[in-house]
Amino acid sequence: MINQLISLSLKNRYIVLLIAVALFGWGAYAVKENPIDAIPDLSENQVIVFTEWQGRSPQVMEDQVTYPLVSNLQGIPKVKAIRATSMFGMSFVYIVFDDKADVYWARSRVLERLNYAQRLLPQGITPTLGPDGTGVGHILWYTLDAKGMDLGEQRALQDWYVKLGLQTVSGVSEVASFGGFEKQYQVTIDPHKLNYYNIPLSQVLKAVKSNNNDVGGRKFEMNGTGYIVRGLGYIKTLADVENIPVGAINTIPVKIKDVATVQMGGDERLGIFDQNGNGEAVGGIVVMRYGENADKVIHAVKDKMADIQKGLPSGVKFKIAYDRSELIENAIGSVKHTLIEEMITVSIIVILFLFSWRSALSIIIQIPITIAASFILLNAFGISSNIMSLTGIALAIGVIVDNGIVMVENSHRNLSIAQQKERS
């Protein structure tokens, strides 16, 4: 078989050269399409289910949330393992799938099963899926450089403008905000006043909830014109909250401001974010979607930041805290430089060793073709260009050259023996 293949290749040299050129062109295209990252993604193929139930102990979370979810998620196909963690007010379930399972197929299967498991959970508890990213998906951290701006205003700017803009970038799974204060209307109720007016706390909660909503009415016609009636009731100012009625005494309404004080404050925090000891900062973490090109996504995010910068208040700008593109470009550049040096060194050694430029050319030409063709296989198996994969290619160059030298030297020896027999 090998003899026939060699004979066929020698008889059709132009076809072999044409195939080599086509393979090199395909490989060059594969190099451009191959994802680039600094390190390989070795994380498990998993889907995270997060459930929050505030104020509950870890044991209650385990008994009423975690255990029902784990027991009902075990029947999903291609599941390798299910792990769970219960903590104060939160439950995490990690469903690990086979490596060959598509991540979005896995997420859809988990969602289907969660629709069934929802009825086994306490009322008002809704489990949610984690982002479609991995443990190495944190590609960019940034903060807002906004001197003189309140931390609450910075967090509002991050949550309602910057975050929403960056999430539209292709390849971004999530933008997680950190730092600052999350603005909220805070109603501090005086229990003595509630007792004086004989108003239960549940009635105050119901009044605040029902008075922060827009309602729709019916359509009616008048003078040949149709009108649609609707009620506008969303809270916009502190005065709107203070004037919400919670009861009545002798036809005189009792309002929120009569039994409580209302203020604009920040949500309770479990920690702060300090940057380089210069004080608190507000920013976000850009999480890359599974299987995306990290270098490409980072540059797209930076381009989007430049567009968002135009709409920021005066004096507010982005400050990059962590940028993986520097690590990616330096790592890939170092490996590429080593590859080029190795190719040049090997070419010189081959020429000196064989002392025949035609024989050396047949070996040297294998190096770029083989490297380009290896990227076709990298794309086929979903492997990115990183330190590990490119180093493997660099190590394989020696094997490629060794095989070529052995074959060429053997051919020279056989030709020399054949020529000596003809002369004799």
Side-chain angles (χ1 to χ4, degrees), residues 50-61 64-65 86-91 121-126 128 143-144 146-164 176-215 231-274 279-284 313 316:
F50 168 71
T51 310
E52 187 175 12
W53 195 12
Q54 295 182 355
R56 269 60 181 185
S57 66
Q59 187 61 47
V60 173
M61 295 297 298
Q64 300 191 31
V65 178
S86 299
M87 57 186 67
F88 188 80
M90 292 181 290
S91 169
L121 301 180
Q123 186 177 3
I125 304 303
T126 304
T128 58
T143 59
L144 296 179
K147 297 179 180 179
M149 181 178 289
D150 180 72
L151 289 173
E153 295 292 337
Q154 292 185 40
R155 183 58 184 263
L157 184 65
Q158 159 65 22
D159 287 340
W160 301 105
Y161 178 66
V162 177
K163 176 181 178 179
L164 300 180
S177 302
F178 58 80
F181 296 92
E182 295 185 61
K183 278 189 174 183
Q184 59 179 199
Y185 292 99
Q186 297 178 344
V187 181
T188 306
I189 299 175
D190 189 339
H192 300 289
K193 293 182 178 180
L194 285 182
N195 188 39
Y196 174 79
Y197 289 111
N198 195 24
I199 297 175
L201 179 62
S202 60
Q203 186 173 332
V204 178
L205 297 176
K206 183 179 179 181
V208 174
K209 185 181 296 184
S210 60
N211 280 272
N212 182 31
N213 191 20
D214 281 359
V215 295
L232 304 178
Y234 277 126
I235 293 174
K236 296 182 179 179
T237 63
L238 293 177
D240 294 339
V241 183
E242 293 175 340
N243 294 322
I244 294 176
V246 294
I249 297 180
N250 297 327
T251 69
I252 299 176
V254 179
K255 301 179 180 179
I256 289 289
K257 62 183 179 181
D258 297 325
V259 297
T261 57
V262 183
Q263 64 181 3
M264 181 72 74
D267 193 6
E268 182 181 359
R269 302 193 300 173
L270 300 178
I272 64 174
F273 182 85
D274 179 86
E280 293 189 51
V282 178
V316 180

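Keep in mind it's a predicted model, so treat the numbers as computed, not measured. Side chains are part of it too, since the values below use all heavy atoms of this structure and drop only hydrogens, waters and symmetry mates.
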Item to check | Polar side-chain atom of Asn212 near backbone of Tyr234 as donor-acceptor pair, under 3.5 Å | outcome: no
Item to check | Thr128 side-chain N/O to Phe50 backbone N/O, donor-acceptor pair under 3.5 Å | outcome: yes
Checklist entry - Is the shortest distance from a Lys or Arg side-chain nitrogen in Arg269 or Glu280 to a carboxylate oxygen in the other one below 4.0 Å? => result yes
Checklist entry - Any side-chain heavy atom of Lys206 sitting closer than 4.5 Å to one from Lys209? => result no
Checklist entry - Would you find a donor on one side and an acceptor on the other, under 3.5 Å apart, between the side chain of Gln186 and the backbone of Gly266? => result yes
Checklist entry - To the nearest 0.5 Å, what is the distance between CD (Gln64) and CH2 (Trp53)? => result 4.0 Å
Item to check | Donor-acceptor under 3.5 Å (Gln184 side chain, Gly265 main chain) | outcome: no
Checklist entry - Which atom pair, heavy atoms only, marks the closest approach of Gly179 to Val282? => result C-CG2, 3.9 Å
Item to check | Within 6.0 Å of OH in Tyr196, more than 12 heavy atoms from elsewhere | outcome: no
Item to check | Straight-line distance of Leu151 CG to Ile272 CD1, nearest 0.5 Å | outcome: 9.5 Å
Next on the checklist: Any non-hydrogen side-chain atom of Gln154 less than 4.5 Å from a side-chain atom of Phe181?
Outcome noted: no
Checklist outcome for this item: Minimal heavy-atom distance between Leu194 and Ile189, with the atoms involved, is CD1-CG2, 3.2 Å
Checklist entry - With a 4.5 Å limit on heavy-atom distance, are the side chains of Leu164 and Asp159 in contact? => result no
Next on the checklist: Run the side chain to side chain contact (heavy atoms under 4.5 Å, CB included) test on Tyr197 and Val246 for me, step by step, so that the C-alpha distance in whole Å, both residues' side-chain angles and the decisive distance to 0.1 Å come before the verdict.
Outcome noted: CA-CA 10 Å; Tyr197 289 111; Val246 294; over 6 Å; no
Checklist outcome for this item: Ser86 and Pro58 have their tightest heavy-atom pair at CB-O, 3.7 Å
Next on the checklist: With a 3.5 Å distance limit and no angle check, can you tell me whether Asp258 reaches the backbone of Val254 through a side-chain donor-acceptor pair?
Outcome noted: no
Item to check | Polar side-chain atom of Asn211 near backbone of Ala207 as donor-acceptor pair, under 3.5 Å | outcome: yes
Checklist entry - Roughly how far, to the nearest 0.5 Å, is the CE atom of Met264 from the NZ atom of Lys183? => result 6.0 Å
Next on the checklist: For the CG atom on Asp214, are there more than 12 heavy atoms of other groups (residues, nucleotides or ligands in this structure) within a distance under 6.0 Å?
Outcome noted: yes
Checklist entry - Any donor and acceptor pair, going by atom type alone, linking the side chain of Asp240 with main-chain N or O of Thr237 inside 3.5 Å? => result yes
Next on the checklist: As a quick check of understanding, evaluate side chain to side chain contact (heavy atoms under 4.5 Å, CB included) for Gln158 and Phe178, giving each step before the final call.
Outcome noted: CA-CA 9 Å; Gln158 159 65 22; Phe178 58 80; over 6 Å; no
Checklist entry - Taking all atoms of both residues into account, what is the closest heavy-atom pair of Glu242 and Lys255, and its distance? => result O-CB, 3.5 Å
Item to check | CA sep, side-chain torsions, deciding dist, call: Val316, Met149, side chain to side chain contact (heavy atoms under 4.5 Å, CB included) | outcome: CA-CA 9 Å; Val316 180; Met149 181 178 289; 3.7 Å; yes
Item to check | Among Asn243, Leu238, Val187, the one residue meeting side chain to side chain contact (heavy atoms under 4.5 Å, CB included) with Lys257 | outcome: Asn243
Next on the checklist: How close do Lys236 and Tyr185 get, counting heavy atoms only, and between which atoms?
Outcome noted: O-OH, 3.2 Å
Checklist entry - So, does Asp190 use its side chain to make a donor-acceptor pair with the main chain of Val259 at under 3.5 Å? => result no
Checklist entry - Between Pro200 and Asn198, what is the shortest heavy-atom contact and its length? => result CD-O, 4.0 Å
Item to check | Geometric cation-pi criterion Arg56 and Phe88, 6.0 Å radius, 45° cone | outcome: no
Checklist entry - Is there side-chain contact between Val262 and Ile256, with at least one heavy-atom pair below 4.5 Å? => result yes
Checklist entry - Within the distance-only criterion (no hydrogens, no angle test), does the side chain of Asn250 pair as donor or acceptor with the backbone N or O of Ile252 below 3.5 angstrom? => result no
